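Working notes, structure below.
Note that the structure is a prediction, hence the values are computed from the model and not measured.
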Amino acid sequence: MNITVVEHNPYWKEEYLKEEREIKEILHGELVNSFHIGSTSVPGLKAKPIIDILLVVNDINALDNYSVQFEKLGYEVMGEFGICGRRYFRKGGDNRTHQIHAFQYDNVQEIERHLTFRDYLCHHPEVSKDYGELKSELAKKYPNDIEGYGDGKDDFVKKIEKQALIWHWTVR
């Protein structure tokens with residue numbers, strides 16, 4: 001996978017909404033809510049041009065019954081893919097365009113972690129800018145090494161996640 005970080009594209013929101021409509025048609029009563037997360041959801045943030053979608057569902061195991069429908073939408077069904085209680089789907093192969101992270105409604109820790117990180121970056125443009133610059137530098141340093149790229153972001157992301165969660169509980 002070639003790692004490319006680009007300037008924010010306002011069209012990403014439309015891409016998310018288009019995909020959300022198609023997912024809602026599949027999941028009907030199983031879907032509790034859907035959210036645009038990840039770097040493409042933060043205005044002004046440089047990002048890999050991959051739309052991250054968070055699905056909150058009634059029963060995570062019931063999602064396994066929708067594999068064929070997700071495959072018809074072009075998704076590769078990946079199961080938990082390293083995170084217990086999650087279902088992960090990716091679209092686009094080596095030129096990935098979308099990825100879905102699905103959690104059951106009561107997996108509050110994972111759901112809040114994703115949403116709070118997004119919201120924190122939206123409310124702290126200076127942190128968002130620093131994150132975007134780091135990602136650009138890492139993409140140049142590791143253009144074909146997703147693990148090196150991810151490892152390079154890890155400390156920054158963990159630090160921001162901690163700040164974001166503290167911010168989340170003090171803003172309420």
Side-chain angles (χ1 to χ4, degrees), residues 1-123 128 131-132 135-136 139 144 146-147 149-150 153 157 160-161 164 168:
M1 177 179 177
N2 188 26
I3 300 163
T4 306
V5 173
V6 299
E7 294 294 330
H8 183 83
N9 183 342
Y11 185 65
W12 289 335
K13 182 177 181 178
E14 294 304 315
E15 280 293 308
Y16 162 75
L17 292 171
K18 177 180 173 277
E19 207 70 14
E20 179 189 52
R21 282 191 295 276
E22 292 184 358
I23 292 166
K24 282 181 175 179
E25 285 182 25
I26 292 173
L27 293 181
H28 302 294
E30 196 57 51
L31 183 66
V32 174
N33 211 335
S34 174
F35 301 93
H36 187 188
I37 60 168
S39 296
T40 61
S41 70
V42 179
L45 178 56
K46 292 180 183 178
K48 292 184 300 185
I50 301 169
I51 308 299
D52 281 288
I53 299 167
L54 172 65
L55 299 182
V56 179
V57 298
N58 285 312
D59 179 355
I60 197 66
N61 295 310
L63 214 54
D64 298 336
N65 300 324
Y66 295 90
S67 294
V68 171
Q69 292 93 323
F70 277 102
E71 287 169 352
K72 284 181 182 175
L73 283 181
Y75 283 93
E76 185 179 0
V77 178
M78 306 296 293
E80 288 187 331
F81 203 64
I83 298 179
C84 188
R86 170 178 79 164
R87 293 299 181 274
Y88 178 71
F89 307 83
R90 61 187 182 194
K91 185 177 192 176
D94 287 342
N95 296 309
R96 192 171 317 148
T97 59
H98 297 76
Q99 47 196 21
I100 297 172
H101 312 266
F103 296 97
Q104 189 166 294
Y105 71 93
D106 57 355
N107 193 339
V108 177
Q109 183 172 353
E110 285 295 334
I111 296 165
E112 286 285 333
R113 181 175 70 84
H114 287 288
L115 295 176
T116 302
F117 188 78
R118 176 201 66 190
D119 293 348
Y120 184 81
L121 290 175
C122 286
H123 284 89
S128 179
Y131 186 39
K135 292 193 303 175
S136 288
N144 299 302
I146 194 67
E147 280 151 20
Y149 174 82
K153 293 188 323 177
V157 168
I160 297 311
E161 279 182 345
H168 175 76

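Between Ile50 and Thr40, the shortest heavy-atom contact is O-CG2, 3.2 Å. Nearest heavy-atom pair, Val32 versus Val57, reported as atom, atom and distance to 0.1 Å: CG2-C, 3.7 Å. In terms of heavy-atom proximity, Asn107 sits nearest to Cys84 at ND2-O, 4.3 Å. For the pair His28 and Glu25, the tightest heavy-atom approach, listed with the atom from each and the gap, is NE2-O, 2.6 Å. The shortest non-hydrogen separation linking Thr116 to Ala164 is CG2-O, 3.1 Å.
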Derivation and outcome, salt bridge (charged side-chain N to carboxylate O under 4.0 Å, His left out), residues Glu15 and Lys18: CA-CA 5 Å; Glu15 280 293 308; Lys18 177 180 173 277; 5.3 Å; no
Working for side-chain contact (heavy atoms from CB on, under 4.5 Å), residues Ile83 and Tyr88: CA-CA 9 Å; Ile83 298 179; Tyr88 178 71; over 6 Å; no
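Between Ser34 atom OG and Arg21 atom CZ the span is 11.5 Å, to the nearest 0.5 Å. Considering CG of Leu45 and OH of Tyr131, their distance stands at 7.0 Å, rounded to 0.5 Å. From Trp12, atom CH2 reaches atom NE2 of His36 across 8.5 Å, with rounding to the nearest 0.5 Å. For the atom pair OG of Ser41 and CZ of Phe35, the computed distance is 11.5 Å after rounding to the nearest 0.5 Å. Atoms NE2 and CZ, from His101 and Arg86 in turn, are 6.0 Å apart once rounded to the nearest 0.5 Å. From Lys48, atom NZ reaches atom OH of Tyr149 across 5.0 Å, with rounding to the nearest 0.5 Å.
Results of the side chain to side chain contact (heavy atoms under 4.5 Å, CB included) test with Ile37 over Asp52, Ile51, Ile53, Val42 single out Asp52 as the only residue that passes.
The aromatic rings of Phe70 and Phe89 lie parallel to each other, with less than 30° between the two planes, well short of the 60° mark. Ring orientation note: the planes of His114 and Phe103 are tilted relative to one another, at an angle of 30° to 60°.
Between the side chains of Asp119 and His168, no donor-acceptor pair is found at a separation under 3.5 Å.
The shortest side-chain heavy-atom distance between Arg87 and Asn61 falls under the 4.5 Å cut-off. Side-chain contact between Leu63 and Ile60 is present, with heavy atoms from C-beta onward closer than 4.5 Å. No side-chain heavy atom of Cys122 sits under 4.5 Å from any side-chain heavy atom of Ser128. Side-chain contact between Asp64 and Val77: absent, with no pair of heavy atoms (C-beta onward) separated by less than 4.5 Å. Asn2 has its side chain within reach of Asn144: a pair of non-hydrogen atoms, C-beta onward, lies under 4.5 Å apart.
Counting non-hydrogen atoms of other residues, nucleotides and ligands closer than 6.0 Å to CG of Asn95 gives a total of 12 or fewer.
At distances below 3.5 Å, at least one donor-acceptor pair connects side-chain atoms of Glu80 with backbone N or O atoms of Gly85. Between the side chain of Lys46 and the backbone N or O of Lys135, no donor-acceptor pair lies under 3.5 Å.
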